[in-house]
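Quick notes on the structure that follows.
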Amino acid sequence: MKKHNFSAGPAILPQEVLQKAAEAVKELDGIGLSLIEISHRSKEFIAIMDEAQSLVLELLGLQNKGYRVLFLQGGASMQFLMVAQNLLENKAGYLNTGTWSTKALKEAKLFGEALEVASSKAENFNHIPKQYTLSPDLDYFHITTNNTIFGTQIKTLPETTIPLVADMSSDIFSKPFPYDQLALFYAGAQKNMGPAGTTLVVVKEDILGKVSRTIPSMLDYRVHIDKESMFNTPPVFAVYTSLLNLRWIKAQGGLTQIGKRNEEKAQLLYAEIDRNPCFVGFAAAEDRSWMNVTFNLKDPDQGAAFDALWTAAGISGLKGHRSVGGYRASIYNALSLDSIHTLIACMQDFEKQS
Ligand SMILES: *Cc1c(COP(=O)(O)O)cnc(C)c1O
């Protein structure tokens with residue numbers, strides 16, 4: 001039986017995407033060859049790459065606005081250093097909202113002055129800091145829009161003329177968002193876009209070329225832009241499967257429809273956490289994530305009993321990250337309303353038996 005997959009990442013993808021990806025591994029669109037045994041310079045794969053790039057811009061509402069789309073490798077973690085290497089000349093600011101932004105800041109410091117503008121570390125990252133000022137001489141300000149581990153999410157972008165750079169690994173394509181206010185954003189595919197193995201980078205071309213250091217070719221956005229993400233062999237399976245998922249998002253009605261469904265899912269689950277006397281939410285209410293819902297048992301000693309209930313209901317991947325404990329329901333695009341109702345039923349059964 002197919003499980004209810006609440007994994008934080010690599011995460012759930014739509015069944016039809018998995019089906020088509022599996023078929024393409026055997027044979028791509030009747031060409032007598034597998035997707036993973038053709039040249040990335042074949043007309044078939046170039047068409048896949050072109051469509052993936054243009055669909056990204058279309059879904060995000062970024063057509064004809066000076067953005068370029070890259071499918072790179074090395075995960076979001078590679079972007080922690082590439083961002084700084086390509087953009088940091090004098091000084092950069094970082095909003096520290098969790099484990100991933102802490103890592104991004106650490107890498108940036110290798111390339112120059114990287115400042116922690118604000119941090120919620122003292123409260124175990126249970127909220128997004130909002131009281132801070134940005135010095136006007138920053139090359140860029142880096143934020144993490146959704147904190148996958150702690151379950152917080154930035155709901156409104158800071159108002160600033162400083163170029164904004166965002167790690168959007170776990171909430172890209174999850175709802176309409178002012179993407180055009182970002183100078184660069186990136187996402188490891190495996191949370192809400194596709195399988196692990198590729199990283200989406202969307203960059204406004206005019207922010208590049210402003211640093212004086214020499215950048216190795218493989219780490220240089222300019223090189224990858226000029227080579228259309230084919231400077232070296234791209235991760236063909238990850239790009240193709242991401243394309244299938246982007247097509248699925250479009251067929252659902254794009255980000256407006258996807259966003260409505262994600263909001264409904266999140267609100268149902270948070271309403272149950274708030275209503276049910278056995279549970280307590282982790283994140284500050286106004287910063288609650290629509291993608292990763294973190295919560296704890298009021299009585300942690302009852303963990304085994306609750307775990308037995310949801311495991312028997314076919315739920316997988318609900319355990320919280322070790323730095324938060326408790327539970328984390330990752331409710332990405334492909335997770336159905338039915339899976340949400342299944343989890344809520346487990347929480348209600350647990351309430352009845354305790
Ligand atoms: C998972 C995650 C990362 C790390 O991604 P990798 O692709 O494994 O390097 C970075 N940032 C956020 C917000 C994440 O959720």
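For the numbers below, each heavy atom of this structure counts, side chains included, while hydrogens, waters and symmetry mates do not. Just so it is clear, the structure is predicted and the values come from calculations on it, not from any experiment. Remember, it's 1-based here, ligands and their atoms both numbered in the order they're listed.
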**OP:** State whether the shortest distance between N or O atoms of Ala76 and N or O atoms of ligand 1 falls below 3.5 angstrom.
**Re:** yes
Subject >> Ligand-side contact atoms (ligand 1) for residue partner Ser169, heavy atom cut-off under 4.0 Å >> reply: 10 (C), 11 (N), 12 (C), 13 (C), 14 (C), 15 (O)
**OP:** Please identify which atoms of ligand 1 are closer than 4.0 Å to at least one heavy atom of Gly75.
**Re:** 7 (O), 9 (O)
Original post:
Do the non-hydrogen side-chain atoms of Tyr221 and Leu70 ever get within less than 4.5 Å of each other?
Top reply: yes
Original post:
Taking distance alone, with no angle check, do Asn146 and ligand 1 share an N/O pair under 3.5 Å?
Top reply: no
**OP:** Around atom 9 (O) of ligand 1, find the nearest protein heavy atom and jot down its residue, atom name and distance.
**Re:** Ser77 OG, 2.6 Å
Original post:
Are the ring centres of Tyr327 and Phe295 closer than 6.0 Å?
Top reply: yes
Original post:
Looking only at protein heavy atoms, which one is nearest to atom 4 (C) of ligand 1, and how far off is it?
Top reply: Trp100 CZ3, 3.4 Å
**OP:** State plainly whether the residues Asp220 and Lys227 are in salt-bridge range, i.e. N to O under 4.0 Å.
**Re:** no
Original post:
Any side-chain heavy atom of Phe6 within less than 4.5 Å of one from Val293?
Top reply: no
Original post:
Is the Tyr94 ring parallel, tilted or perpendicular to the Tyr140 ring (thresholds 30°, 60°)?
Top reply: perpendicular
Subject >> Heavy atoms from other residues, nucleotides or ligands near CZ of Arg213 exceed 12 (cutoff 6.0 Å) >> reply: yes
**OP:** Identify which of Met78, Gln190, Met291 has a heavy atom lying nearest to atom 8 (O) of ligand 1.
**Re:** Gln190
Subject >> Lys106 to Trp100, cation-pi by 6.0 Å centre distance and 45° axis angle >> reply: no
Original post:
Which part of Lys103 is near ligand 1, with near meaning a heavy atom under 4.0 Å away: side chain, backbone, both or neither?
Top reply: neither
Subject >> Residue part near ligand 1, for Phe80, under 4.0 Å between non-hydrogen atoms >> reply: side chain
Original post:
Which residue and non-hydrogen atom of the protein lie closest to atom 15 (O) of ligand 1, and at what distance in Å?
Top reply: Thr148 OG1, 2.4 Å
**OP:** May I ask you to decide whether Lys91 forms a salt bridge with Asp139, counting only side-chain N to carboxylate O separations under 4.0 Å?
**Re:** no
Original post:
Which residue owns the protein heavy atom closest to atom 1 (C) of ligand 1, what's the atom, and how far is it?
Top reply: Lys191 NZ, 1.6 Å
**OP:** Could you say whether the N/O atoms of Asp167 and ligand 1 ever approach to under 3.5 Å?
**Re:** yes
